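Here the structure comes first, spelled out in structure tokens, and everything after it is commentary.
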Amino acid sequence: MYWEKEFETIERKKLEKLQLERLKKTILDAGKAPFYKQLYQQKGITADKLKHIDDIRQLPFTTKQDLRNHFPYGFLSRPKQEIIRLHSSSGTTGNPTVIFHNRHDISSWSNLMARSLFCAGIRDTDVFQNICGYGLFTGGLGFQYGIERLGCLSIPAGAGNSLRQIKLMQDYGTTVVHAIPSYLGRLYEVFQAEGLDPRKDTDLRLFVIGAEPHTEEQRQRIEELFGVKAYNSFGLSEMNGPGVAFECTHQAGLHIWEDAYLVEILDPETLEPVPDGEIGELVMTTLDREAMPLVRYRTRDLTRIIPGSCACGRTHARIDRIAGRSDDMFIIKGCNVFPMQIEGVLLKIPEVGSDYLITLEHVDGVDEMIVEVEVRRDWFNGDITRLDRLSRMITHQIRDEVLAKPIVKLVEPGSLPKSEGKAIRVNDKRVLDTVKI
Ligand code: ADP
Ligand code: ZN
């Protein structure tokens with residue numbers, strides 16, 4: 001069952017033809033935006049020189065810094081009166097990244113969202129509660145338009161206030177929830193505190209989780225706690241937001257919608273393509289956006305193309321869950337570490353709760369990695385040797401995974417600071433420490 005069979009199961013040859021047509025149009029459109037106009041004139045780039053989709057490799061990249069430098073309207077390829085919406089990042093450091101959409105763009109994005117939700121098994125009979133900020137963040141309105149296009153009963157719940165979220169679920173018989181994975185562990189704790197069991201006391205059957213890095217272990221936990229299937233949703237504001245890549249019911253990687261995005265996986269150092277199956281940086285070009293096309297946008301997200309075809313019959317390539325962002329990686333004691341490696345270790349341990357925080361700091365002249373881990377409340381009943389043993393076990397397992405020995409501190413559930421939106425997993429105090437010295 002497909003939302004748009006013709007596009008979702010399109011033969012590769014036909015897909016490539018469609019991509020080339022759309023790429024040419026994209027370059028034509030992009031050339032009207034001040035940023036690309038200057039760049040393409042300087043380099044003699046024109047749409048008619050593109051003969052094959054691989055010719056994309058001759059075009060220059062676009063970075064987040066370019067978007068910031070040309071804030072706010074430097075990437076606009078249509079007159080302002082045609083624009084109907086903007087979304088933007090928080091911009092706590094420097095200019096925010098802002099993306100503009102015209103009617104066509106919003107409609108195309110809504111359709112991709114509906115296609116994505118349908119592909120994960122969501123139907124118009126579902127009651128869909130969207131636990132996501134409805135503002136400049138794309139997870140609110142992006143999902144809202146897709147849910148409506150699909151025809152579910154939508155509950156635009158917004159983020160936070162867990163008691164109210166639970167009440168909404170119970171009042172209206174919510175069957176599907178979209179939320180960021182780090183929030184769902186906390187939501188479960190609220191269910192427990194209220195003496196409720198989501199498996200018995202709600203009609204929940206399916207979750208959509210995404211917008212932040214998470215491991216397979218975290219997904220499995222969420223599925224077990226709530227008795228639901230949880231599907232991975234990937235997107236970034238620069239590529240609209242959610243609806244870029246989504247898992248189908250086979251949960252075997254995320255179909256990345258190649259009729260709307262041209263996908264490259266490149267070695268982040270050499271910027272040359274890596275073979276399918278190997279991890280590299282995801283670089284994307286919009287193929288169906290009019291107001292603000294982006295060409296070869298460097299996402300910094302690290303992933304790989306999963307070789308082979310999917311049992312669902314969709315022909316669009318699948319990407320693996322995001323291994324991390326190239327700017328997430330930190331170096332401690334000479335070892336390169338991704339936070340998700342640590343999460344993978346922690347969430348395999350049943351005693352570990354839903355939150356953890358990695359702090360990097362100078363302690364007595366050496367760099368240390370302190371990992372604070374929430375563990376189940378009943379472990380704090382005075383049995384210090386038991387806690388000690390657990391802490392040693394976690395220390396060894398992290399060291400085996402990342403090769404640097406951490407200082408592990410076990411803390412009570414709920415005691416680590418909670419962020420409003422996406423979880424903050426790493427607090428690197430070393431820069432500050434250096435400044436103080
Ligand atoms: P910001 O850059 O301000 O966080 P976005 O909301 O556009 O704004 O965030 C997009 C980023 O979020 C992606 O580039 C990626 O790093 C991360 N992300 C989104 N969805 C997922 C997912 N399913 N798994 C892992 N990371 C994700
Ligand atoms: Zn599939």
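Both ligands and their constituent atoms are indexed starting at 1 by order of listing. These numbers were taken from a predicted model, which means no experiment stands behind them.
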(request) Have a look at Pro181, Pro242, Ala211 and point out the one with the heavy atom closest to atom 17 (C) of ligand 1. (result) Ala211
(message) Closer than 2.8 Å to the Zn ion (ligand 2): how many protein N, O or S atoms are there?
(response) 4
(request) Would you kindly specify which portion of Ile209 sits under 4.0 Å from ligand 1, judged on non-hydrogen atoms: side chain, backbone, both or neither? (result) neither
(request) For the residue pair Tyr36 and Tyr40, categorise the inter-ring angle as parallel (less than 30°), tilted (30 to 60°) or perpendicular (more than 60°). (result) tilted
(request) Count the heavy atoms belonging to other residues, nucleotides or ligands that lie under 6.0 Å from CZ of Arg103, then report whether that count exceeds 12. (result) no
(request) May I ask you to list the atoms of ligand 1 that are less than 4.0 angstrom from any heavy atom of Gly210? (result) 23 (N)
(request) Mind checking side chain to side chain donor-acceptor pair (under 3.5 Å) for Thr63 and listing every partner two or more places apart, or none if nothing turns up? (result) Asp66
(message) Within the 4.0 Å heavy-atom shell around Lys422, which atoms of ligand 1 are there?
(response) 4 (O), 5 (P), 6 (O), 9 (O), 10 (C), 11 (C), 12 (O)
(request) Could you tell me whether Asp105 and Arg289 make a salt bridge, using a distance below 4.0 angstrom between a side-chain N and a carboxylate O? (result) no
(request) Output the list of atoms in ligand 1 that are nearer than 4.0 Å to some heavy atom of Gly235, sorted by atom number. (result) 10 (C), 13 (C), 19 (C), 20 (N)
(request) Check each atom of ligand 1 against the heavy atoms of Pro213 and keep those under 4.0 Å away; list them by number with element. (result) 25 (C), 26 (N)
(message) Between Arg376 (side chain only) and Pro413 (backbone N and O only), is there a donor and an acceptor less than 3.5 Å apart?
(response) no
(message) If you count heavy atoms of other groups shown closer than 6.0 angstrom to CD of Gln38, is the number above 12?
(response) no
(request) Please check if the side chain of Trp109 supplies one atom and the backbone of Pro242 the other of a donor-acceptor pair under 3.5 Å. (result) yes
(request) Scan residues 239-249 for pairs that pass salt bridge (charged side-chain N to carboxylate O under 4.0 Å, His left out), counting only residues two or more places apart or in two chains. (result) Arg219-Glu247
(message) Checking Glu343 now: which residues fulfil side chain to side chain donor-acceptor pair (under 3.5 Å) with it, not counting sequence neighbours?
(response) Thr215, Tyr356
(request) Show which atoms of ligand 1 fall inside a sub-4.0 Å distance from at least one heavy-atom site of Ser89. (result) 3 (O)
(request) Tell me, please, whether Tyr73 has Lys80 positioned over its six-membered ring: NZ or CZ under 6.0 Å from the ring centre and within 45 degrees of its axis? (result) yes
(request) Find all atoms of ligand 1 within a distance of less than 4.0 Å from any non-hydrogen atom belonging to Phe137, and give their numbers and elements. (result) 6 (O)
(request) Salt-bridge test for Arg115 and Asp259: reply yes if a basic N is under 4.0 Å from a carboxylate O, no otherwise. (result) yes
(message) Give the atom numbers and elements of ligand 1 that come within less than 4.0 Å of a heavy atom of Asn232.
(response) 22 (C), 23 (N)
(request) May I ask you to identify, for Ser237, whether its side chain, its backbone, both or neither come under 4.0 Å of ligand 1 on a heavy-atom basis? (result) both
(message) Taking 4.0 Å as the limit for heavy-atom contacts, which would you say applies to Ile322 with ligand 1: side chain only, backbone only, both, or neither?
(response) side chain
(request) With Arg199 as the cation and Phe226 as the aromatic partner, state whether NZ or CZ is under 6.0 Å from the six-membered ring centre and within 45° of the axis. (result) no
(request) Using distance alone, decide if ligand 1 has a nitrogen or oxygen within less than 3.5 Å of any nitrogen or oxygen in Ser233. (result) yes
(message) Below 4.0 Å, non-hydrogen atoms only: which portion of Lys64 touches ligand 1? Side chain, backbone, both or neither.
(response) side chain
